[in-house]
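Naming: A, B, ... by sequence-line order, numbering from 1 per chain. Everything numeric in this text was worked out from a predicted model, so none of it was measured.
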Amino acid sequence: MKLYNTMTKQKEEFVPVEPGKVKMYVCGPTVYNLIHIGNARPMIVFDTVRRYMEHKGYEVNYVSNFTDVDDKIIAKAAEEGVSAQEISQRYIAECKKDMADMNVKPATTHPLATQEIDGMIEMISDLIQKGYAYDVKGTVYFRTRKFAQYGKLSHKNLDDLRSGSRSLLVTGEDQKEDPLDFVLWKPKKEGEPYWKSPWSDGRPGWHIECSVMAKKYLGEEIDIHAGGEDLIFPHHENEIAQSECCNGKPFAKYWLHNGFLNIDNKKMSKSLGNFFTVREIGEKYDLQVLRFFMLSAHYRSPLNFSAELMEASKNGLERIRNGVDNLKHMINAAEEKELTQEEKENLKKAQELAEKFDEAMDDDFNTADAVAAIFEIVKLANTTANAGNAKEYLRQLKEKIAQLSDILGLITEKEEEMLDSDIEKMIEERQAARKAKDFKKADEIRSKLLEKGIILEDTREGVKWKRA
RNA sequence: GGCGUCAUAGCCAAGUGGUAAGGCACGGGUCUGCAACACCCUUAUCACCAGUUCAAAUCUGGUUGACGCCUCCA
C-alpha cells in the first residue's frame with residue numbers, strides 16, 4: 001500500500017511502526033457551531049482510510065480530537081450568554097450526530113482539549129526545561145530558532161517567512177524573540193475560562209493540544225497524522241516542533257492532507273455566504289449521498305460542490321443500491337443449485353474487479369477508481385443475473401458489491417422496514433386491480449402510495465417497494 | 001513577493017510512455033398495461049505552442065488560465 005506523504009512529497013510504501021497496527025491521529029473540528037461540509041471532507045476521507053486499513057487486516061487505533069477551548073467558542077458563549085462548556089458540549093453532540101449520519105465511525109478515542117490540560121502543562125514545562133520554550137510575563141512561546149528542522153513539513157523558507165512577518169515586529173505586537181515563535185500558553189482575559197499553571201492563569205495555545213493528545217493516546221511515534229491541507233502550516237509544523245523537541249524522536253511517519261472542498265470554485269467562507277452545514281445538506285439528501293460525492297474525487301484534489309453534482313451523486317449511488325436491491329429480490333426467487341461454468345467465470349470476473357478495487361485503494365486511496373470497480377461489478381450483475389441463476393451465484397455477487405461498498409462506508413442495503421398493514425393492503429388491492437386489468441384503479445393506488453413516500457416497482461419476480 | 005497544486009467529453013472523474021476506465025446528464029431503441037428499474041446504441045485525441053521518442057494525455061521547456069498556503073480556518 002502506498003500513500004502520499006506531505007513530508008517527502010511523494011508516495012511511499014506504508015510500513016507501520018508496529019507490525020499489524022496503525023496509529024493514526026486526525027485533527028478534529030473546533031466545536032463552536034454545526035460542522036460544515038468542508039469539515040466533513042477529512043472526516044469522510046480519513047474514515048475511509050481507516051476502513052480500508054481495517055479491511056487489510058490492520059488493527060487501527062484512530063484518535064480524533066475536539067477542540068473545545070478557543071476564541072470562537074468563547075465568543076459564541078458570550079453571544080448567547082451561556083458558558084463555553086455548554087457551547088462546546090452542544091456542538092460535540094451535534095457533530096457526532098452528523099458523523100453517524102455520514103456513516104463515519106466513531107474514533108477509538110475522541111479526546112477533548114479541556115480534559116488534557118495537565119498533560120499540556122507537563123509538555124510545556126518540559127519544553128521550557130529543554131530550552132525550546134520561554135515565558136514572557138505569563139505567555140509561553142515556542143522558540144522556533146532552536147528547532148533546526150522547523151519548516152520541514154511545509155517546505156517553507158524560514159527567512160522568507162521571517163521577512164514576510166516583519167511588520168509584526170515593527171508594530172511591536174509582540175514580545176517574541178522571533179516572529180515565527182508561537183504560543184504554547186496564554187494568560188486569560190477577563191471573563192474567559194482559565195486553568196492554573198506555573199506561568200499564569202490562562203489556557204493552552206491551539207497547537208499543543210494535538211501533540212499532547214497524540215502522545216497520550218497513541219504514543220510518541222505514530223504512523224499517520226492527517227487533516228485538511230490548510231493545517232500543514234502552521235498547525236502541523238508546530239506540532240512536529242513541539243513533539244519532536246519534547247520526545248526526541250520522529251513524531252509521525254506519514255502526513256496525509258486532504259484537498260479543499262470549494263463552492264463555485266471558491267473556498268467556502270462566511271463572508272462570501274457560500275456556506276453549507278452538513279445539517280442543511282442532510283435536510284435535502286441522505287448523507288450517504290454526500291459521502292458518495294466526496295469519494296468521487298481523489299482526496300488530495302480540490303473538490304467543487306454544487307447542487308448539480310449532488311444530484312449526479314444521488315443517481316450514481318442509487319444505481320449501486322438498485323443493483324443490490326435487484327439481486328436481493330432475485331435471490332428470494334432463485335433455487336439452490338450447482339454453479340454453471342458461466343456463473344463461475346462471471347464470479348471470477350467479479351473477483352478480478354474486487355482486486356482492481358484493492359489496487360486502486362492501495363495507490364494512495366484512489367476512491368474514484370475504487371468506485372468505478374464497484375460500478376463494473378454492478379454492471380456485471382445487471383447484465384448477467386436473473387432469477388434462473390443459482391442462488392449462490394446471486395448471493396456472491398450481492399455480497400461482493402455490499403462488501404466493497406462497506407469499505408468505502410457506503411450502505412447499500414436499506415434495513416427492512418415493516419409496512420403498515422393498511423399499506424400492505426393497498427398493494428394487494430392494486431395487484432387485484434391489475435389482474436382484473438383495471439389499470440385506472442391500479443394507478444390511483446400507486447399514486448396514493450407515492451404520496452406516502454412509497455415507490456412501487458413491478459418486476460418479473462413480483463412487486464417491489466421502497467421508500468422515496 | 002515566496003512556496004505549491006491543477007488544466008481529460010455537456011458535467012464529475014480515472015489513467016503518468018504504447019494508442020482515452022467509470023458515473024451523471026442528453027438523444028435513439030428494447031423489456032413491462034403504463035411508470036420505475038435494467039439492458040442496447042450514441043458522445044473526447046486529453047488548454048495552447050515547441051521539443052525528446054519508433055510511440056506522449058502521460059517526459060522536457062515555454063505560454064495561457066484556475067486555485068491553494070504564507071493569518072483563525074478541514
Options B:G33, B:G15, B:A74, nucleotide nearest the side-chain atoms of A:L231: B:A74

Base, sugar-phosphate alone, or nothing: which one does A:N326 contact when heavy atoms must sit under 4.0 Å apart? sugar-phosphate

Does atom NZ (A:K314) have a neighbourhood of more than 12 heavy atoms from anything else shown, all under 6.0 Å? no

In whole angstrom, give me the gap between the C1' atoms of B:U8 and B:A44. 8 Å

What is the distance, to the nearest angstrom, from the CD atom on A:E229 to the C1' atom on B:C73? 12 Å

It should be established whether A:R319 places a side-chain nitrogen or oxygen under 4.0 Å from OP1 or OP2 of nucleotide B:C39. yes

On RNA chain B, more 5' by nearest nucleotide between A:S154 and A:G323 is A:S154

Nearest to side-chain heavy atoms of A:R434, which nucleotide of B:C72, B:A74, B:G33: B:G33

In terms of relative ring orientation, are A:F292 and A:F375 parallel, tilted or perpendicular, with 30° and 60° separating the classes? perpendicular

Which part of the nucleic acid does A:E311 contact within heavy-atom distance under 4.0 Å: base, sugar-phosphate only, or nothing? nothing

Can a side chain N or O of A:N39 be found less than 4.0 Å away from OP1 or OP2 on B:A74? yes

For A:D230, enumerate each residue passing the salt bridge (charged side-chain N to carboxylate O under 4.0 Å, His left out) test, keeping only those at least two apart in sequence or located in another chain. none

Considering only NZ, NE, NH1 and NH2 on the basic side and carboxylate oxygens on the acidic side, decide whether A:E429 and A:K448 come within less than 4.0 Å. no

If the C1' atom of B:A7 is compared with that of B:C46, how far apart are they to the nearest Å? 10 Å

Under the rule for salt bridge (charged side-chain N to carboxylate O under 4.0 Å, His left out), what residues qualify as partners of A:K356, not counting sequence neighbours? A:E376

Decide yes or no, distance alone: a donor-acceptor N/O pair under 3.5 angstrom between the base of B:C72 and the side-chain of A:D230. no

Does the ring of A:F233 carry A:K156 above it, NZ/CZ under 6.0 angstrom from centre and within 45° of its axis? yes

In this structure, are over 12 heavy atoms from other groups packed under 6.0 Å from A:Q85 atom CD? no

By the 4.0 Å heavy-atom rule, please label A:F375 as base, sugar-phosphate, or nothing. sugar-phosphate

Would you indicate which nucleotide in B:G33, B:G2, B:C73 comes nearest to any side-chain atom of A:W206? B:C73

Counting any heavy atom closer than 4.0 Å, what does A:G227 reach on the DNA or RNA strands: base, sugar-phosphate only, or nothing? sugar-phosphate

Strand contacts (RNA chain B) in residues 288-298 of chain A, 4.0 angstrom heavy-atom criterion: A:S296, A:A297, A:H298

Between A:L456 (CG) and B:C37 (P), how many Å, whole number? 14 Å

Assess whether atom CD of A:E280 is packed by more than 12 heavy atoms of other residues, nucleotides or ligands within 6.0 Å. yes

Could you check whether the side chain of A:R446 and the base of B:C34 have a donor-acceptor pair of N or O atoms closer than 3.5 Å, going by distance alone? yes

Can you figure out which of B:G68, B:G2, B:C34 approaches the side chain of A:D458 most closely? B:C34

Just name whichever nucleotide pairs with B:C69, Watson-Crick or G-U, keeping both distances under 3.5 Å, else none. B:G2

Base, sugar-phosphate, or nothing: which does A:A372 touch, judged by heavy atoms less than 4.0 Å apart? base

Answer yes or no: does a side-chain N or O of A:K379 lie under 4.0 Å from OP1 or OP2 of B:C40? yes

Can you figure out which of B:A14, B:C39, B:A38 approaches the side chain of A:N322 most closely? B:A38

Among the nucleotides B:A14, B:A74, B:C39, whichever has the atom closest to the side chain of A:N366 is B:A14

base_contact_polar (B:G68 base, A:N262 side chain, donor-acceptor, <3.5 Å): no

OH (A:Y285) with more than 12 external heavy atoms under 6.0 Å: yes

Does A:W465 put a side-chain nitrogen or oxygen below 4.0 Å from OP1 or OP2 of B:A36? no

Quick one: label A:N382 by what it contacts on the DNA or RNA (base, sugar-phosphate, nothing), any heavy atom closer than 4.0 Å. sugar-phosphate

Of the listed nucleotides (B:C70, B:C72, B:G33), which one gets closest to any side-chain atom of A:F233? B:C70

Of B:G33, B:C39, B:C12, the nucleotide closest to the side chain of A:L309 is B:C12

Which nucleotide, B:A74, B:G4, B:A14, lies nearest any side-chain atom of A:K9? B:G4

For A:E376, report the nucleic acid contact type (base, sugar-phosphate, nothing); a contact means any heavy atom under 4.0 Å. sugar-phosphate

Nearest to the side chain of A:R430 - B:A14, B:G33, B:G22? B:G33

G-U wobble or Watson-Crick pairing nucleotide for B:U43 (cut-off 3.5 Å, both distances): none

What is the nucleic acid contact for A:I232, judged by heavy atoms within less than 4.0 Å: base, sugar-phosphate only, or nothing? nothing

Residue whose closest nucleotide on RNA chain B lies nearer the 5' end, A:N304 versus A:K440: A:N304

